[in-house]
Each structure stands twice: as structure tokens, then as C-alpha cells.
Amino acid sequence: MQWPPHDTYASAPLCPSAPAVYLDASFSRMPMRLSRYFLPVMRDTPAEAQIVSHRLMLRAGMIRQQAAGIYVWLPLGLRVLKKIEQVVREEQNRAGAVEILMPTIQSADLWRESGRYEAYGAEMLRIQDRHERAMLFGPTAEEVVTDVFRAFVKSYRDLPLNLYNIQWKFRDEVRPRFGVMRGREFLMKDAYSFDLDEAGARAAYNRMFVAYLNTFARLGLKAIPMRADTGPIGGDLSHEFIILAETGESQVFCDRDLVDMAAPGDVDFYGDLQPIVDARTTLYAATDDMHDAAEFEKRVPESRRLSARGIEVGHIFYFGEKYSKPMKANVMGPDGQEKPVHMGSYGIGVSRLVGGVIEASHDEAGIIWPESIAPFDIAVVNLKAGDANADAAAEQAYAALTKAGRDPLLDDTDARPGTKFSTMDLIGAPYQLIIGPKGLEKGVVEIKTRKTGAREELSLEAALNRLSAA
RNA sequence: CGGGGUGUAGCUCAGCCUGGUAGAGCAUCAGCUUUGGGAGCUGAGGGUCGCGAGUUCGAAUCCCGCCGCCCCGACCA
């Protein structure tokens, strides 16, 4: 096939209707008009979906199941996924972690070194390449990152180091369910810290702990760190971050005071983070497998005892020399002695969070996105496409909001008003700017706040000022 | 992996028990009428009834095998 000359691409806009300024690979801003978009919403609820996030993601045209626990991400879902990914990335970077990208397909040999090739059960998807070499679709990446580390880092002077990646993983769950909340293929942020000793590792752990608080807060979630099982390693350095939702997978118990504890926000990640961590780990909080009813009642006054369902959205873990020792990831210490590096790993289920956010934020009509990750932040609804006044006002609004750096979706289709309202409520943009001929005759448009349902009539100019400023 | 379901039009489902030419609503397309919270009328298109092998004159329906998907449990980011 003959490819067009390169400058054909260079000169042609990727989408004829979209000025170059629209293009943004991070999806942080990509205004769209519905007539040119792909938004296959469904009125009926597919029978296979049981929980609300799964139902709403299917109905809103965010995903399509391709096989059990494996999904196609449709445009609307992909936008949210990318926006969550970007929030996670920014907070990892802020906490000093450095992004890499590791392969999805890994060599079995690495896993034999750590001993996990045999230890990992049927959840690991084992595959063979054409040379009959044993490969696998990575369920996690400790081995790969340890291999990277040992190849390049030899001295304590290069520590601390935290490498993370955001990559698709595969775990061949016996029973995938809850849509993307427990798929087999899932997008995960996994970070790996490397330190000279346990004290250094604890500081690394605290940085991720705080980064997680900030990350989930930016996603509009109240995430509570709960002590998790540390397994054979022991110690107190493992926490699951749990969001509360009625459909949560596990029962959790905690002190109510933890629920509304504010995120730390701007902190010095290389200062002392221990007080921040302590403030959130001294109060009682446990998942059912770690729960101690007697201790719960002893430590938490009855009025503050909270028993609820929770969804795990993050997990941080210190595991010391578990991988560095068998894989010989050693560093030279200041004392001239070579020793295995101390490691920790820190996961966030990025694709799971899409479902998790919906579980935590929806109503009968559909999804209610937090502004930070909404696929579109403003839905501009032209109630009567084809009406000259409505068209002009809607186009003006769309252009102004785009220019103001917002991320609007313009519904310029000729569907009926009721259909438009239902669709926009379903896909959950935080604000709807409703423009119709009747309002324009009176000189007003309407702003509807999705979360509260509050509507306000005001002039187009005032509406644009308000929505541009946010 | 144990237990229980289910598979019929894009979606939700009826028909299966008791075998006899494939159905409804929504969606799609055309036309007309409508137009501020999922419109109405008329017409049209759309299905190897999951796959395979049986029984039978005849199978969506009965028998056997396989596969997919869902739910409960165990397991899990």
C-alpha cells in the first residue's frame, strides 16, 4: 500500500471540523459535537449487568463486553479512563515517582527466578510464543521492575527510587463480575519503591500513602486507608484504600471520623509525612478479614462505629527483600557492604476506579461525574437543532466554552428534548447548558447542575461567564 | 472450582411444559403529524432460535454432547 506523502498528514487536520487546538492526547480537553461523536447509549438495561456501575456504563455507551471480564472501551468510557489515569499520573509524579512502561507480555524465566512462576496459580495466563518459549500476560510487574533496577542501579547513592507504570494487566479470574470492577483485563497503576533499608522504605511508603489520599480526593472519592494483611512479611506496612459504596465487595468497619478526613493537599513529600499517616492509621479501620469485633468496640465509641460495604481501589505494600534477594537486586551501602534493596509496591486499579466512582456517585437518572474526571464538563443542549436562534446561541456557547478551556459536548442533534435530557442525565456531565427557542424569546438559557438537579435561568452571556470561570 | 440459571431481532423479553410455516415492545429506515423531560399514526427492513449430533413425516420446543454468558459460594486490584 502506498502511503500518502508525510506532509499530507501534516497539513490536514485529523478531523476536518476540529481546529488543531482541540487535539489533546491526554484527553484533558477535547470538545465534541454529538452529531459527529460515537455515543451508543442504550435505553434498556442489558440483562447481564447486575450492579449499578456496570449497568450505567453499558447504558451510557462507555464499554462493551468482548468476553467474560474483557471490555472494549468506547469513546465516552475511554475519556473517563484517560482522565482518571492522568490524575493518578500527576499525583504519582508529585510524590516523586518516575514513570516507565513495562510490557504486558513477560518471560516466564523472570518469574522462575522469584519463584512465583510455580507459586502463582491458574490466575496467571500462561502462553507460548512460536519458539515454544514460556511467556505470560503479566498480572503484576515486580519481577520486571526488579530486573530493570538490578541492571542499572548499584549504589545507595541512586536511592531512593520509585518507578511506576500504568499498564494493562491480566488475571484470569475464576469468576469475573461487576463489569470493569472485577474484570480479567484491567488497567492498573503499579509503583515500586527501592530503598537501602526499612527506614527508607517506610518513608517511601508514606509518600505513596499521602499521594493516594490526594489522588482519591481529586477523584471526588472518600477513600479510607485500612490495615491489610501483610502475609509472611509481617509488620504494619500494608494498607488497602477503600471507598464506601452500598455495592462494595466486602464488609468494612471503621471509625466514622476517618470518612471526612481531608486530603493533605500540598505537602513536602521529602519532609516528615509520618504525622499525616499516623492521623489516618491510629483510628480503627479494617476490612472483614482483618476485623476484630472486640477491639472495634473497645476502641471506637458506639456513635462513631461505622459498618459499611467497601470497594478496594488501592493497595500499598512493603515487602522488603522478597524479590530483591532471590533476583539479586543488590546495592552497595555506605559501609561498603552489598545488600538486597528494600522494596514496596503500590497499586491503584485505574479501570476499576471508573466503576468505583459511579458506584459512589449516581442517581436514578444516571451517572454524576465529579468535575475532575467527567468525560465532558458541560453538556450544551440545543433543544431544537434547526431553529436559527437556538443554533446560533448553541454554537456561540460551544465556541466560547471551548475557548475558555472547558470541555463541552454540544448536543446538536435533532432528537426530541426529552431524549436529550435523558441522555445527558445518563452520561452525567456536571453541568447542562440548556438552550431552546422558548427561553431565547425570553432572553434566557438554563443551567442545570447535574448533582443537585438545580436549574437556573439566566442570560446566555451570564451563563457563559459563569461556566467559563469554573 | 462446587451449586444454580440462561442463550430466540441491536436491547428487554414472550413462545418451549403439551413438536406443526418466528412473535411483541423499544430501537432502525421511509412518510405524515409533532417538538421544553425517553412523542403519535402508517408502512418497511431485520432472526442459520448459541453450536453439533440425534428422535420424528416435521424440532426454537424432546434427548445427548459441547460452547458462551449470568448469579450464589470459595478466590481476588
Side-chain angles (χ1 to χ4, degrees), chain A residues 40-51 54-55 58-59 61 64-70 88 120-124 138-141 166-191 212 223 228-229 238-243 248-250 287-289 310-317 345-356 364-366 381-387 390 411 413-427 432 434-442 444-446 448 453 455 457:
Chain A
V41 298
M42 281 187 279
R43 188 168 179 168
D44 295 319
T45 301
E48 77 226 33
Q50 297 299 312
I51 64 164
H54 191 191
R55 287 201 296 262
L58 290 168
R59 285 194 54 214
R64 174 172 169 82
Q65 181 166 312
Q66 209 292 127
I70 299 175
V88 171
Y120 223 101
E123 285 196 349
M124 186 156 74
T140 177
I166 300 173
Q167 176 64 292
W168 292 93
K169 307 285 193 296
F170 194 91
R171 290 183 196 170
D172 199 358
E173 297 280 350
V174 189
R175 191 185 155 208
R177 58 184 132 171
F178 305 148
V180 299
M181 299 250 291
R182 187 160 168 206
R184 291 194 289 175
E185 187 179 61
F186 55 97
L187 187 63
M188 185 178 177
K189 186 284 298 180
D190 43 324
Y212 276 34
D229 189 2
S238 178
H239 288 88
E240 295 179 358
F241 285 74
I242 305 279
I243 58 174
E249 62 211 323
S250 58
T287 56
D288 48 2
D289 50 329
I311 300 168
E312 181 185 350
V313 290
H315 195 162
I316 61 179
F317 205 94
S345 74
Y346 315 89
I348 290 179
V350 176
S351 50
R352 161 177 279 207
L353 272 168
V354 180
E364 269 77 62
V381 182
N382 180 351
L383 284 179
K384 191 164 187 179
D387 177 275
D411 184 349
T413 66
D414 61 1
R416 302 172 62 85
T419 303
K420 295 188 176 211
F421 290 135
S422 295
T423 298
M424 291 307 167
D425 285 351
L426 175 63
I427 69 172
Q432 296 172 13
I434 299 164
I435 298 172
K438 290 183 184 174
L440 290 174
E441 274 176 31
K442 294 190 293 178
V444 297
V445 297
E446 187 175 295
K448 174 180 167 181
R455 303 143 167 270
E457 290 194 336

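Note: hydrogens, waters and symmetry copies are ignored here, and every other heavy atom, side chains too, is used. Residue numbers begin at 1 in each chain, while the letters A, B, ... track the order of the sequences.
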Enquirer: How would you summarise protein contacts on nucleotides 72-77 of chain B per nucleotide, using B for base, S for sugar-phosphate only and - for none, with heavy-atom distances below 4.0 Å?
Expert: BBBBBB

Enquirer: What's the gap between B:C69 and B:A27 when it is taken at their P atoms, as a whole Å value?
Expert: 30 Å

Enquirer: Give me the atom names and distance for the closest heavy-atom approach of A:Ser351 to A:Val180.
Expert: O-CG2, 3.5 Å

Enquirer: How many angstroms lie between CZ in A:Arg59 and CD1 in A:Ile427, if you round to the nearest 0.5 Å?
Expert: 12.0 Å

Enquirer: Under the criterion salt bridge (Lys or Arg N to Asp or Glu O under 4.0 Å), I'd like the reasoning laid out for A:Glu249 against A:Arg182: C-alpha separation, chi angles, the key distance, then a yes or no.
Expert: CA-CA 10 Å; A:Glu249 62 211 323; A:Arg182 187 160 168 206; over 6 Å; no

Enquirer: Start at the 5' end of RNA chain B and walk down; is the nucleotide closest to A:Ala365 or to A:Gln66 reached first?
Expert: A:Ala365

Enquirer: Which part of the nucleic acid, if any, lies within contact of A:Ile348, taking any heavy atom under 4.0 Å across all strands shown: a base, the sugar-phosphate backbone alone, or nothing?
Expert: nothing

Enquirer: Considering Watson-Crick and G-U wobble pairs with both distances under 3.5 Å, what does B:C49 pair with?
Expert: none

Enquirer: Taking CD from A:Gln432 and C1' from B:G36, how many angstroms apart are they, rounded to a whole number?
Expert: 13 Å

Enquirer: Checking the side chain of A:Arg184 only, and the main-chain atoms of A:Ile70 only, is there a donor and an acceptor separated by less than 3.5 Å?
Expert: no

Enquirer: Send over the distance from A:Lys438 NZ to B:U35 P, rounded to a whole Å.
Expert: 8 Å

Enquirer: Taking all atoms of both residues into account, what is the closest heavy-atom pair of A:Met181 and A:Gly355, and its distance?
Expert: SD-C, 3.5 Å

Enquirer: Once you apply the 3.5 Å cut-off to both distances, tell me the Watson-Crick or G-U wobble partner of B:G68, or none.
Expert: B:U6

Enquirer: Show me the protein contacts with nucleotides 9-12 of chain B, counting only N or O atoms at under 3.5 Å.
Expert:
| from | atom 1 | to | atom 2 | distance (Å) |
| --- | --- | --- | --- | --- |
| B:C11 | O2 | A:Asp44 | OD2 | 2.8 |
| B:U12 | OP1 | A:Ala47 | N | 2.4 |

Enquirer: Measuring only the P atom in each nucleotide, how far is B:U8 from B:G52? A whole number of Å is fine.
Expert: 16 Å

Enquirer: Rounded to whole Å, how long is the line connecting atom CD1 of A:Ile51 with atom P of B:C71?
Expert: 9 Å

Enquirer: Say we look at B:G19 and B:G58: how far apart would their C1' atoms be, to the nearest angstrom?
Expert: 8 Å

Enquirer: Among B:C70, B:G37, B:G36, which is the nearest nucleotide to the side chain of A:Lys448?
Expert: B:G37

Enquirer: Give the rounded distance in Å between these two atoms: CD1 of A:Ile70 and C1' of B:G68.
Expert: 13 Å

Enquirer: Paired with B:C1 by Watson-Crick or G-U wobble geometry, both distances under 3.5 Å: which nucleotide is it?
Expert: B:G73

Enquirer: Can you check the distance between B:G68 and B:A60, where both ends of the measurement are the P atom (answer in whole Å)?
Expert: 24 Å

Enquirer: Roughly, in whole Å, what's the span from CD in A:Glu457 to C1' in B:G36?
Expert: 10 Å

Enquirer: Assign a letter to each nucleotide of nucleotides 3-8 of chain B from its 5' end: B, base within under 4.0 Å of a protein heavy atom; S, sugar-phosphate only; -, no contact.
Expert: ------

Enquirer: Given atom CG of A:Asp414 and atom P of B:G36, what is their separation to the nearest angstrom?
Expert: 14 Å

Enquirer: B:C41 and B:C62: how far apart are their P atoms, nearest whole angstrom?
Expert: 36 Å

Enquirer: State, to 0.1 Å, how close A:Lys189 and A:Val88 come at their nearest heavy-atom pair, and which atoms those are.
Expert: CG-CG1, 3.5 Å

Enquirer: Does B:A30 have a Watson-Crick or wobble mate here (both distances under 3.5 Å), and if so which one?
Expert: B:U42

Enquirer: Scan nucleotides 40-47 of chain B nucleotide by nucleotide, 5' to 3', and note B when protein non-hydrogen atoms come under 4.0 Å of the base, S if they reach only the sugar-phosphate, - if neither.
Expert: --------

Enquirer: Describe the nucleic acid contact of A:Lys384 in one word from base, sugar-phosphate, nothing, applying a heavy-atom distance below 4.0 Å.
Expert: nothing

Enquirer: Check ring-ring contact (aromatic ring centres under 6.0 Å, His included) between A:Tyr212 and all other residues, then give those that pass, not counting sequence neighbours.
Expert: A:Phe216, A:Phe241

Enquirer: Indicate yes or no: at least one non-hydrogen side-chain atom of A:Leu187 is less than 4.5 angstrom from one of A:Ile166.
Expert: yes

Enquirer: Partner lookup for B:C11, please. Criteria are Watson-Crick or G-U wobble with both distances under 3.5 angstrom; report none if nothing qualifies.
Expert: B:G25

Enquirer: Compare all side-chain heavy atoms of A:Met188 with those of A:Thr140 and state whether any distance is below 4.5 angstrom.
Expert: no

Enquirer: NA contact type, A:Gly347, heavy-atom cut-off 4.0 Å: base, sugar-phosphate, or nothing?
Expert: nothing

Enquirer: Is there a Watson-Crick or G-U wobble partner for B:U35 with both distances under 3.5 Å, and if so, which one is it?
Expert: none

Enquirer: Base, sugar-phosphate, or nothing: which does A:Ala415 touch, judged by heavy atoms less than 4.0 Å apart?
Expert: nothing

Enquirer: State the NZ-CG distance between A:Lys384 and A:Leu440, to the nearest 0.5 angstrom.
Expert: 12.0 Å

Enquirer: Among B:C70, B:G36, B:U34, which nucleotide sits nearest the side chain of A:Ala68?
Expert: B:C70

Enquirer: Under a 4.5 Å cut-off applied to non-hydrogen side-chain atoms, are A:Gln50 and A:Phe178 in contact?
Expert: no

Enquirer: Quick one: CG on A:Asp411 to CG on A:Asn382, what's the gap to the nearest 0.5 Å?
Expert: 7.5 Å

Enquirer: Between B:C69 atom C1' and A:His54 atom NE2, what is the distance in whole Å?
Expert: 11 Å

Enquirer: With the side chain counted from C-beta on, respond yes when A:Glu312 and A:Arg352 share a heavy-atom pair under 4.5 Å apart, and no when they do not.
Expert: yes

Enquirer: Just how far is it from atom NE2 of A:His239 to atom OG1 of A:Thr287, taken to the nearest 0.5 Å?
Expert: 11.0 Å

Enquirer: What pair of heavy atoms forms the shortest contact from A:Asp44 to A:Pro46, and how long is it?
Expert: O-CD, 3.4 Å

Enquirer: Once you round it to whole Å, what is the distance between P of B:A39 and CZ of A:Phe421?
Expert: 12 Å

Enquirer: In whole Å, measure the gap between the C1' atoms of B:C70 and B:G37 for me.
Expert: 33 Å

Enquirer: My understanding is that only residues two or more places apart in sequence, or in another chain, count here; which of them pass side chain to side chain contact (heavy atoms under 4.5 Å, CB included) with A:Lys448?
Expert: A:Asp425, A:Gln432, A:Ile434, A:Arg455

Enquirer: Select base, sugar-phosphate, or nothing to describe what A:Asp425 touches, counting heavy atoms under 4.0 Å on all strands.
Expert: base

